[in-house]
*Asks:* 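Before I ask anything, here is the structure I am working with.
Labels below follow one simple rule: chain letters A, B, ... track the order of the sequence lines, proteins then strands, and each chain is numbered from 1.
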Protein chains: 2
Amino acid sequence: MDDSFDLGQFLPYALNQAAEAASLGFQARYRQRYGMLRTEWRVLFHLGRHGDMTAKEICDRASLHKTKVSRAVHALEEKRFLRRTEQIHDRRHETLSLTPKGQAVYADLYKAARAYDAALSAQFTSQERDVLDRCLKKLAQS
Amino acid sequence: MDDSFDLGQFLPYALNQAAEAASLGFQARYRQRYGMLRTEWRVLFHLGRHGDMTAKEICDRASLHKTKVSRAVHALEEKRFLRRTEQIHDRRHETLSLTPKGQAVYADLYKAARAYDAALSAQFTSQERDVLDRCLKKLAQS
DNA sequence: TATTGTTAGTTACAAATCAAACTAATATCT
DNA sequence: AGATATTAGTTTGATTTGTAACTAACAATA
């Protein structure tokens, strides 16, 4: 019964420690440079990457709760990174689109994200990275 | 430049999604059954696993901030899962020890954790699990 | 033995998160 | 058309976290 099962071996714990450590470095970038929170970065990313969409679509794509998205959108709007337009045929929907300023920020963070990811990946072989990706995806689904 | 680098490929994001999903199921156990928070579970685990120690030692072992530990200790004390004893030779230190009740809870959660971990691991081959462990450990250090 | 520095742990306040209730617009059903 | 249900998004209040200042006990140095 007592064969050295420690927290380090417990997958949820190990995942959390890794996730926290991995987030830290990049977080510094959007926090310090643009005063953004994590959810704001995610929303910005989705808009920059996939073009205009409604808050609901972002919720679904990013699996974020609508209150989180709502607040992130407000914050990004205040920073003039995005603007919202009511849709004519259904006034419940608002299309969100990045302003030029928002696009510039996206471009910067996108590049930084790729670089950061590359740096993290550098410690693994490409096989390891493949396994890691596959495992993480499986875990995220279950 | 635009070769489909999506958030899913971004390691910090993938790690967070996986970590969140993996935590959920187990969280339900200590939350619903014992009204515990994550930090409380970690503190309980360390005490159950490694025997009496001070809050500071828990901070170091679990890499948790002292305020978090302080609050968790209070909460566990209120639930009568642990008690504290001032050390005679240095009254700044208090030794924390689980009560019988706390030990019972630890035993239950320990078993549950192992089972949960086994269930998660079941979706991987043992090679995959090895790679995963190794990668997560590396990431946690950097 | 004062003075200054360190360490363990707590408290207090601000920021962030979560859940649930709410508003306004549209859809559906009778 | 009128009542009821859904949907997009917001607001609110309670819980949780993070940061920094604080207290009390001990150590070190002069």
Side-chain angles (χ1 to χ4, degrees), chain A residues 16-17 19-21 23-25 27-28 30-32 34-44 46-47 52-79 82-97, chain B residues 16-17 19-21 23-25 27-28 30-32 34-44 46-47 52-79 82-97:
Chain A
N16 264 294
Q17 295 293 103
E20 227 165 276
S23 291
L24 259 179
Q27 188 169 12
Y30 54 72
R31 258 194 123 96
Q32 292 168 14
Y34 304 110
M36 287 168 71
L37 257 28
R38 201 196 321 214
T39 310
E40 295 170 42
W41 146 244
R42 288 204 191 159
V43 167
L44 187 86
H46 279 282
L47 286 173
D52 300 3
M53 59 180 97
T54 71
K56 182 63 177 17
E57 286 178 278
I58 295 180
C59 292
D60 296 342
R61 276 173 177 279
S63 35
L64 286 169
H65 195 267
K66 57 186 180 169
T67 64
K68 267 180 140 178
V69 171
S70 172
R71 282 188 277 248
V73 166
H74 274 286
L76 291 172
E77 196 181 21
E78 236 163 58
K79 299 189 180 80
L82 66 74
R83 61 174 165 275
R84 42 211 328 177
T85 329
E86 266 188 353
Q87 286 181 15
I88 321 155
H89 57 285
D90 187 339
R91 291 204 338 270
R92 286 171 307 181
H93 300 251
E94 329 184 276
T95 303
L96 306 171
S97 24
Chain B
N16 265 295
Q17 295 294 102
E20 227 165 275
S23 291
L24 259 180
Q27 189 169 13
Y30 55 72
R31 257 194 123 96
Q32 292 167 13
Y34 303 110
M36 288 168 70
L37 257 27
R38 193 186 320 188
T39 310
E40 296 170 41
W41 145 244
R42 288 203 191 160
V43 167
L44 187 86
H46 280 281
L47 287 173
D52 300 2
M53 59 179 97
T54 70
K56 181 62 176 21
E57 286 178 279
I58 295 180
C59 291
D60 296 342
R61 276 174 176 280
S63 36
L64 286 169
H65 195 268
K66 58 186 179 169
T67 62
K68 265 180 139 178
V69 171
S70 173
R71 284 190 274 243
V73 167
H74 273 287
L76 291 171
E77 196 181 21
E78 236 163 57
K79 297 188 181 81
L82 65 75
R83 60 173 164 276
R84 43 213 324 179
T85 330
E86 266 189 355
Q87 286 180 15
I88 320 155
H89 58 287
D90 187 339
R91 292 203 338 271
R92 285 171 306 180
H93 300 252
E94 327 184 280
T95 304
L96 307 172
S97 23

*Asks:* Find the distance B:K66:NZ to D:dT17:P and express it as a whole number of Å.
*Replies:*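 For the pair B:K66 NZ and D:dT17 P, the rounded distance is 18 Å.
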*Asks:* Quick check: does any side chain N or O of B:S70 sit under 3.5 Å from a backbone N or O of B:K66, one acting as donor and the other as acceptor?
*Replies:* no
*Asks:* Closest nucleotide of DNA chain D for A:T67 versus for A:H93: which of these residues is on the 5' side?
*Replies:*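 Looking at the nearest nucleotide for each, A:H93 comes out on the 5' side.
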*Asks:* Could you tell me the separation between the CD atom of A:E20 and the P atom of D:dT17, rounded to a whole number of Å?
*Replies:* 11 Å
*Asks:* Side chain of A:K68, heavy atoms from C-beta onward: which of C:dA16, C:dC18, D:dT19 has the nearest atom to it?
*Replies:* C:dC18
*Asks:* Quick one: which of D:dA8, C:dA8, C:dT10 gets closest to the side chain of B:R92?
*Replies:*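 The answer is C:dA8.
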*Asks:* Rounded to the nearest Å, what distance is computed from the CD atom of residue A:E94 to the P atom of nucleotide D:dT7?
*Replies:*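 Atom-to-atom, A:E94 to D:dT7, this comes out as 18 Å.
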*Asks:* Could you tell me if the side chain of B:L96 sits less than 4.5 Å from the side chain of B:L76, heavy atoms only?
*Replies:* no
*Asks:* Distance check needed: C:dT7 P versus B:H65 NE2, whole Å only.
*Replies:*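 B:H65 atom NE2 is separated from C:dT7 atom P by 14 Å.
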*Asks:* As a quick check of understanding, evaluate side chain to side chain contact (heavy atoms under 4.5 Å, CB included) for B:R84 and B:H74, giving each step before the final call.
*Replies:* CA-CA 10 Å; B:R84 43 213 324 179; B:H74 273 287; 3.9 Å; yes
*Asks:* Which residues in residues 69-77 of chain B have at least one heavy atom lying under 4.0 Å from any atom of DNA chain D?
*Replies:* B:R71
*Asks:* So what does A:T54 hit on the nucleic acid, given a heavy-atom distance under 4.0 Å: a base, only sugar-phosphate, or nothing?
*Replies:*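 The answer is sugar-phosphate, as A:T54 gets under 4.0 Å only of primed atoms, P, OP1 or OP2.
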*Asks:* Any side-chain N or O of B:R91 below 4.0 angstrom from OP1/OP2 of C:dT7?
*Replies:*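 No.
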*Asks:* Taking atom P of C:dA8 as reference, at what distance in whole Å does atom CE of B:M53 sit?
*Replies:*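 That distance rounds to 15 Å.
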*Asks:* Whole Å only: how far is the CZ atom of A:R84 from the C1' atom of C:dA24?
*Replies:* 14 Å
*Asks:* Side chains of A:L37 and A:R31, heavy atoms from C-beta outward: is any pair under 4.5 Å?
*Replies:* yes
*Asks:* Roughly, in whole Å, what's the span from CG in A:D90 to P in C:dT26?
*Replies:* 5 Å
*Asks:* Starting the side chain at C-beta, find the nucleotide from D:dG18, C:dA16, C:dG9 nearest to A:L37.
*Replies:*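 Closest nucleotide among those given: C:dA16.
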*Asks:* Among A:V69, A:T67, A:T54, A:V43, find the one that has a side chain to side chain contact (heavy atoms under 4.5 Å, CB included) with A:C59.
*Replies:*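 When A:V69, A:T67, A:T54, A:V43 are each tested with A:C59, the side chain to side chain contact (heavy atoms under 4.5 Å, CB included) holds only for A:V69.
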*Asks:* Which part of the nucleic acid, if any, lies within reach of B:K56 when heavy atoms closer than 4.0 Å are counted: base, sugar-phosphate only, or nothing?
*Replies:* sugar-phosphate
*Asks:* Identify whether any heavy atom of B:R38 sits under 4.0 Å from a base atom; if not, whether one sits that close to sugar-phosphate; answer base, sugar-phosphate or nothing.
*Replies:* nothing
*Asks:* In this structure, how many angstroms lie between the C1' atom of C:dA8 and the CZ atom of B:R61, rounded?
*Replies:*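 It works out to 18 Å between those atoms.
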*Asks:* On DNA chain D, compare the nucleotides closest to A:T95 and B:T39; which residue's is nearer the 5' end?
*Replies:* A:T95
*Asks:* Taking the side chain of B:R31 as its heavy atoms from C-beta onward, which of D:dT10, D:dT16, C:dG9 lies nearest to it?
*Replies:* D:dT16
